[in-house]
Amino acid sequence: MSLLLGVNIDHVATLRQARYSGMLDSPNAEPSPLEAARDAQEGGADSITVHVRGDRRHMQEQDAFEIRDQIKLPLNFEMGNTPEMLDTVLRLKPDFVCLVPETREEVTTEGGLDVTGLYASLEDTVSKLQLAGIKVSMFIDPDASQVEASSRIGAEMIELHTGCFANADNNDRSEETERLKAAAVLGNKLKLQVNAGHGINLQNLPELLTVPHLAELNIGHTLIARSVRVGLTEAVKEMRAAMEGYAL
Ligand code: PXP
């Protein structure tokens, strides 16, 4: 199977909220995440990712429900492990949930989920999600202990946090690449689907593609940034083309 591309469209909502927060039903509220999801689909996206954060800084529940109802692609819902979000997601019933750490101050998701340290509360959430027929992914740093804990807790997937890899110097990210490779090999051995995400772009993609066993990449910021120049459909097509030829 070829490497899948999940497109995170949160920052379409970031732009809308910059002006129309609290006025979502206004005919002027733009750009539309729903239309962005359609454009991403047309460009060849394999799934759509949205993250409704506790502070609602970009995506709103309403966006997630509209996308679920009107877009055929699988919906991947990123969420912090809170009772409020669990209640939302059990009504939404997306195809996948990716559990992420979330603090109010952060600009974007920083660091992976501490599955080892938060095991008991995460275990409860994972089983509730799975009982509802939702597949669960853990967004973790590429550390053996986190991969093992994700397997023990019964998650179907891990998403390896590629932030440190992406932020490393372009000519010197081999150490981070090695960490990702080791985590991917372990995840595969433990029968987890191995995904990756955060900070991936056309510059660092070739090196990321040396990591084995990747099933899906989740990419947001760079695609939305590029869409300002060429439109989202084209931006997704470019990324898909760059991912061609990846061999598990
Ligand atoms: N995966 C997860 C779990 C994330 O939190 C994010 C950022 O929202 C991404 C992937 C996408 O990262 P980026 O926007 O840097 O491509």
Side-chain angles (χ1 to χ4, degrees), residues 3-15 17 33 36-37 40 43 45-59 63-64 74-82 85 89 94-115 122 135-142 146-147 150 155-168 173 176 180 183-184 187 192-205 208 211 214-228 232 235-236 238-240 242-243:
L3 181 59
L4 303 176
L5 173 60
V7 176
N8 180 318
I9 53 170
D10 289 346
H11 295 316
V12 175
T14 303
L15 183 54
Q17 295 306 105
D46 296 292
S47 62
I48 300 294
T49 298
V50 302
H51 183 181
V52 177
R53 298 183 69 103
D55 63 11
R56 306 298 192 276
R57 72 175 69 156
H58 40 52
M59 285 290 170
D63 297 313
L75 177 62
N76 175 33
F77 189 79
E78 284 179 11
M79 58 175 263
N81 184 24
T82 65
M85 225 32 87
V89 80
D95 302 85
F96 313 114
V97 158
C98 181
L99 288 168
V100 301
E102 198 178 295
T103 61
R104 271 178 188 264
E105 303 75 30
E106 68 194 358
V107 176
T108 178
T109 314
E110 289 164 9
L113 193 61
D114 181 9
V115 186
L122 287 169
K135 290 205 164 77
V136 182
S137 176
M138 312 301 259
F139 184 53
I140 54 169
D141 289 328
Q146 299 296 344
V147 179
S150 300
E156 285 90 353
M157 297 166 276
I158 50 173
E159 181 173 325
L160 297 176
H161 191 315
T162 49
C164 290
F165 162 86
N167 288 333
R173 50 169 61 94
E176 292 303 330
L180 289 167
L192 291 159
Q193 177 177 318
V194 181
N195 303 331
H198 205 94
I200 299 170
N201 59 26
L202 288 172
Q203 285 69 46
N204 58 39
L205 183 72
L208 183 64
V211 175
L214 295 176
E216 181 173 279
L217 304 182
N218 269 305
I219 306 183
H221 187 99
T222 197
L223 291 173
I224 305 307
R226 180 75 179 142
S227 76
V228 174
L232 188 55
V236 172
E238 290 174 355
M239 190 59 74
R240 279 230 67 104
M243 287 163 58

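Hydrogens, waters and symmetry mates are skipped; everything else that's a heavy atom, side chains included, is used. Every number for a ligand or one of its atoms is a count from 1 in the order of the listing. One-based numbering along the sequence shown.
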Item to check | Residue N8 vicinity, atoms of ligand 1 by number, heavy atom under 4.0 Å | outcome: 8 (O)
Next on the checklist: Using a 4.0 Å cut-off to any heavy atom of I219, which atoms of ligand 1 qualify?
Outcome noted: 16 (O)
Checklist outcome for this item: Sorted by chain and number, sequence neighbours left out, side-chain hydrogen bond (donor to acceptor under 3.5 Å, both in side chains) with Q17 holds for none
Next on the checklist: Checking side chain to side chain contact (heavy atoms under 4.5 Å, CB included) between L180 and each of V194, D141, T162, which is the one that passes?
Outcome noted: T162
Next on the checklist: Out of all atoms in ligand 1, which are within 4.0 Å of some heavy atom of E78? Include the element for each.
Outcome noted: 1 (N), 2 (C), 3 (C), 4 (C), 5 (O), 6 (C), 8 (O), 10 (C)
Checklist entry - What orientation do H161 and F139 show, parallel under 30°, tilted 30 to 60°, or perpendicular over 60°? => result parallel
Item to check | Where ligand 1 meets V100 - atom numbers and elements under 4.0 angstrom, heavy-atom basis | outcome: 3 (C)
Next on the checklist: Is T222 close enough to touch ligand 1? Criterion: a residue heavy atom under 4.0 Å from a ligand atom.
Outcome noted: no
Checklist entry - Given H11 and L223, is the side chain to side chain contact (heavy atoms under 4.5 Å, CB included) satisfied, shown in steps? => result CA-CA 10 Å; H11 295 316; L223 291 173; over 6 Å; no
Item to check | Proximal ligand 1 atoms for G199, defined as those under 4.0 Å from one of its heavy atoms | outcome: 12 (O), 13 (P), 15 (O), 16 (O)
Checklist entry - Can T49 and N76 be said to form a side chain to side chain donor-acceptor pair (under 3.5 Å), step by step? => result CA-CA 5 Å; T49 298; N76 175 33; 3.0 Å; yes
Checklist entry - Who are the salt bridge (Lys or Arg N to Asp or Glu O under 4.0 Å) partners of R240, not counting sequence neighbours? => result D46
Item to check | Where ligand 1 meets N218 - atom numbers and elements under 4.0 angstrom, heavy-atom basis | outcome: 10 (C), 11 (C)
Checklist entry - Which residue from H198, E159, H161 reaches closest to atom 1 (N) of ligand 1 through any of its heavy atoms? => result E159
Checklist entry - Any idea which atoms of ligand 1 are less than 4.0 Å away from a heavy-atom of H221? => result 13 (P), 14 (O), 16 (O)
Checklist entry - Does one side chain, of E159 or H198, offer a donor that lies under 3.5 Å from an acceptor on the other? => result no
